[in-house]
Amino acid sequence: LHVEECTVSGLLLGFTQVACAAGLNYTDEFLVKQMGGNTMLFLCTNIAGVLTHYPSEVAKRQAFMETRQCIEARLTTQRENQQQERLLLSVLPRHVAMEMKADIAGKPTDTQFHKIYIQRHENVSILFADICG
């Protein structure tokens, strides 16, 4: 429940209890003292409820916002990884790109030189063409 709803409910409950006690004990000589004591008790209880509910509500909202930011960062990282993989696959053949990813993932990145991905092929021709359209 929200703080406003809890406060209104608590005040209505306290008022109802004090009114019922006054109606049932209207002949009691200590009625004024008892009503004053009950009113003070209900007011203090409501104030304590508000003072404990509000900080916990703030903490819950902060935890929610931090969780949301974490999920957003994770989704952004995943999107960027997918873009990097698409870029890598647009430049290199799939088997070379996957071999590179496996080598980089398996090694620490503090090395100065990385493996060169060259393979020797016999009887290969290279065609250079300029296509005009």
Side-chain angles (χ1 to χ4, degrees):
L1 295 173
H2 295 287
V3 175
E4 295 86 15
E5 294 170 347
C6 294
T7 303
V8 170
S9 299
L11 290 174
L12 285 176
L13 179 66
F15 177 75
T16 305
Q17 197 278 337
V18 168
C20 288
L24 293 174
N25 300 320
Y26 64 90
T27 58
D28 192 3
E29 61 186 66
F30 298 110
L31 178 65
V32 176
K33 290 181 181 179
Q34 183 177 358
M35 285 180 50
N38 285 348
T39 303
M40 196 63 145
L41 177 69
F42 284 122
L43 279 175
C44 290
T45 304
N46 280 323
I47 290 171
V50 168
L51 292 178
T52 56
H53 187 285
Y54 183 73
S56 69
E57 186 70 24
V58 169
K60 287 177 189 176
R61 287 178 188 263
Q62 184 179 3
F64 172 77
M65 292 304 292
E66 289 173 358
T67 304
R68 181 177 180 209
Q69 289 172 350
C70 180
I71 291 171
E72 285 177 352
R74 186 177 204 173
L75 291 175
T76 302
T77 303
Q78 287 177 349
R79 227 181 352 258
E80 289 174 358
N81 285 342
Q82 289 173 351
Q83 287 176 345
Q84 286 177 352
E85 187 168 345
R86 279 196 308 269
L87 178 63
L88 186 64
L89 290 173
S90 71
V91 174
L92 297 172
R94 184 168 188 79
H95 68 280
V96 175
M98 293 301 124
E99 185 181 350
M100 278 182 68
K101 280 180 59 177
D103 284 345
I104 291 172
K107 289 183 182 177
T109 58
D110 60 347
T111 58
Q112 186 175 2
F113 299 105
H114 294 285
K115 178 181 171 185
I116 299 175
Y117 299 92
I118 299 175
Q119 295 177 353
R120 182 174 176 86
H121 298 281
E122 299 291 332
N123 300 325
V124 175
S125 298
I126 299 175
L127 171 66
F128 291 97
D130 187 11
I131 301 173
C132 297

By the rule that ILVMFWY residues connect when side-chain heavy atoms come within less than 4.5 angstrom, directly or transitively, which residues belong alongside Phe64?
-> Met65
For a quick test of your reading: what N or O donor-acceptor pairs under 3.5 Å do the side chains of residues 70-78 make, sequence neighbours left out?
unit_1 : atom_1 : unit_2 : atom_2 : d
Glu72  : OE2    : Arg68  : NE     : 3.4
Thr76  : OG1    : Glu72  : O      : 2.8
Thr76  : OG1    : Arg79  : NH2    : 3.4
Thr77  : OG1    : Ala73  : O      : 2.8

Same apolar cluster (I L V M F W Y, side chains within < 4.5 Å links), Val91/Val96 = yes
Besides Leu51, the hydrophobic cluster formed by Ile, Leu, Val, Met, Phe, Trp and Tyr side chains linked at under 4.5 Å, directly or via other members, contains Ile47
Tracing side-chain contacts under 4.5 Å among Ile, Leu, Val, Met, Phe, Trp and Tyr outward from Leu12 reaches Val8
Taken to the nearest 0.5 Å, the spacing of Lys33 NZ from Asn38 CG works out to 14.5 Å
Mind checking side chain to side chain donor-acceptor pair (under 3.5 Å) for Glu66 and listing every partner two or more places apart, or none if nothing turns up?
-> Gln62
By side chain to side chain contact (heavy atoms under 4.5 Å, CB included), which residues pair with Leu11, not counting sequence neighbours?
-> Thr7, Leu43, Asn46
Show your reasoning for whether side-chain contact (heavy atoms from CB on, under 4.5 Å) applies to Leu88 and Met98.
-> CA-CA 9 Å; Leu88 186 64; Met98 293 301 124; over 6 Å; no
Contacts satisfying salt bridge (Lys or Arg N to Asp or Glu O under 4.0 Å) that involve residues 84-94 (not counting sequence neighbours) are Glu85-Lys101
Looking at residues at least two apart in the chain, or sitting in another chain, which of them share a side chain to side chain donor-acceptor pair (under 3.5 Å) with Gln69?
-> none
Taking only residues two or more places apart in sequence, or in another chain, which ones meet Pro55 in a side chain to side chain contact (heavy atoms under 4.5 Å, CB included)?
-> none
For Tyr54, which fellow cluster members are found when Ile, Leu, Val, Met, Phe, Trp and Tyr are connected by side-chain heavy-atom distances below 4.5 angstrom, either directly or through intermediates?
-> Val58
